[in-house]
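Notes to accompany the following structure.
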Amino acid sequence: MVRGLRPHVVGKEILSVQVRDPKLAPIVPTLALPATVASLSRRGKHILFDLGDRTLVLHLRMSGRLAWGTREPTGKVRLSLRFPDGGAHLVDPRRLGTTAVVERFVDELGPEPFGDLAWLPAALARSRMPVKLWLMDQKKIAGIGNIYAAEILFRAGIAPTRPAGSLSRKEVARLEDAIPSVLERAIAAGGTTLADGLYRGPTGENGEFRYELSVYGREGEPCPRCGARIERSLLGGRGTYSCPRCQS
DNA sequence: TCATCCCTGTGG
DNA sequence: CCACAGGGATGA
């Protein structure tokens, strides 16, 4: 989403801000204009508009997306940033998304899930959490959500309930491979637009990773690897999909 | 480590 | 009507 939005907003001045959700109103006084976007980046699931002397931080949570266009998108627009060439609109039907303006963005997020993951074995070993919850714990490792946690564990052949600290050296190695593999593949596919079409790219395009999902949302369907029925369970209150034969 | 809450919408 | 949904903060 950041990659798609970046060319439209970096170096551009925010001409006006419209807030259409009272929950988001507090940012208006702090987002004093004029302001120019020096850079657009991401840390974990946070989207960071660097405005030089402050940073606008967006988190889309469950149902949010950022839509770019010259016209207002259809849907529940909660916040609009108008630029010379168009607008960046926060569409968020469930209103769970959050915004903040800070002088300096500080976080308690774990390392990014890319690059050298040599720190992973020791970090996993310290925890008895179910490995799926560990992967989704943003303080442990940043950026992995429910869909990709399921897909990562399938690829690694590890059951979601396994305590993080119980993984063998081999299993950790498979995880080390699966984490960036799945995420990079999903990003290349433009993300995961499910049947409801809630998530879409900044200009409305569908993310095609949906067609590459192995287990997420596929309860009762045959495992693409072994044919066994995909199971759905509840873990940490979240729907959890796995293959009972391939993951142990 | 859990249940609960925040919100709204959709589908069974 | 109830269950559930790409997330996370909070309090028990």
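Here is the naming used below: chain letters follow the sequence lines, and residue numbers restart at 1 for every chain.
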Distance between the [atom1] atoms of [N] and [M], in whole angstroms?
{"N": "B:dG9", "M": "C:dA9", "atom1": "P", "value": "24 Å"}
{"N": "B:dT10", "M": "C:dG8", "atom1": "C1'", "value": "22 Å"}
{"N": "B:dT4", "M": "C:dC4", "atom1": "C1'", "value": "16 Å"}
{"N": "C:dA3", "M": "B:dA3", "atom1": "P", "value": "15 Å"}

If you compare every side-chain N and O of [X] against the phosphate oxygens of [N] (OP1, OP2), does one of them come in below 4.0 Å?
{"X": "A:Gln138", "N": "C:dG7", "answer": "no"}
{"X": "A:Lys76", "N": "B:dT8", "answer": "no"}
{"X": "A:Lys45", "N": "C:dG8", "answer": "yes"}
{"X": "A:His59", "N": "C:dG8", "answer": "yes"}
{"X": "A:Arg232", "N": "C:dA3", "answer": "no"}

- Query: Is there a donor N/O on one and an acceptor N/O on the other, under 3.5 Å, for the side chain of A:Arg94 and the base of B:dC7?
  - Reply: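 It does, because a donor-acceptor pair links the side chain of A:Arg94 to the base of B:dC7 below 3.5 Å.
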- Message: I'd like to know if A:Asp196 reaches the base of B:dG11 with its side chain, counting only an N/O donor and acceptor under 3.5 Å.
- Response: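 Between B:dG11 and A:Asp196, which were checked side chain against base, a qualifying N/O pair under 3.5 Å is absent.
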Which whole-number value in Å describes the distance from [X] [atom1] to [N] [atom2]?
{"X": "A:Arg238", "N": "C:dC4", "atom1": "CZ", "atom2": "P", "answer": "13 Å"}
{"X": "A:Lys23", "N": "C:dG7", "atom1": "NZ", "atom2": "C1'", "answer": "12 Å"}
{"X": "A:Arg128", "N": "B:dC2", "atom1": "CZ", "atom2": "C1'", "answer": "15 Å"}
{"X": "A:Lys139", "N": "C:dG8", "atom1": "NZ", "atom2": "P", "answer": "11 Å"}
{"X": "A:Ile144", "N": "C:dG7", "atom1": "CD1", "atom2": "P", "answer": "11 Å"}
{"X": "A:Glu219", "N": "B:dG11", "atom1": "CD", "atom2": "P", "answer": "18 Å"}
{"X": "A:Asp92", "N": "B:dC6", "atom1": "CG", "atom2": "C1'", "answer": "12 Å"}
{"X": "A:Met62", "N": "B:dC7", "atom1": "CE", "atom2": "P", "answer": "14 Å"}

Base, sugar-phosphate, or nothing for [X], non-hydrogen atoms under 4.0 angstrom?
{"X": "A:Arg210", "result": "nothing"}
{"X": "A:Leu198", "result": "base"}
{"X": "A:Gly237", "result": "nothing"}
{"X": "A:Tyr148", "result": "nothing"}

- Message: If I compare all heavy atoms of A:Thr240 with all of A:Lys132, which pair ends up nearest, and what's the gap?
- Response: OG1-NZ, 2.9 Å
- Could you pull out the closest heavy-atom pair between A:Phe209 and A:Ala186, with the gap in Å? CD1-CA, 3.4 Å
- Message: Need the glycosidic conformation of C:dG8: syn if within 90° of 0, anti if not. Which one?
- Response: anti
Distance-only donor-acceptor check, side chains [X] and [Y], under 3.5 Å:
{"X": "A:Thr36", "Y": "A:Lys12", "value": "no"}
{"X": "A:Asp50", "Y": "A:Thr55", "value": "no"}
{"X": "A:Thr98", "Y": "A:His59", "value": "no"}
{"X": "A:Tyr241", "Y": "A:Ser233", "value": "no"}

Side chain of [X] only, heavy atoms from C-beta on: which candidate in [options] is closest?
{"X": "A:Arg61", "options": "C:dA5, B:dT1, C:dG8", "answer": "C:dG8"}
{"X": "A:Met129", "options": "C:dG6, C:dG8, B:dT1", "answer": "B:dT1"}
{"X": "A:Pro93", "options": "C:dG6, B:dC2, B:dG9", "answer": "B:dG9"}

- Query: Measuring from A:Arg82:CZ to A:Ile14:CD1, what's the distance to the nearest 0.5 Å?
  - Reply: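 Output value for this atom pair is 12.5 Å.
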- Message: What I'd like to find out is whether the side chain of A:Met1 reaches to under 4.5 Å of the side chain of A:Tyr199, using heavy atoms alone.
- Response: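 Yes, at least one pair of side-chain atoms sits under 4.5 Å.
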- Message: So that I know where these two stand, are A:Phe105 and A:His46 an aromatic pair - ring centroids less than 6.0 Å apart?
- Response: yes
- Message: Only Watson-Crick and G-U wobble pairs with both distances less than 3.5 Å should count. Give DNA chain C in dot-bracket notation, marking inter-strand partners with |.
- Response: |||||.||||||
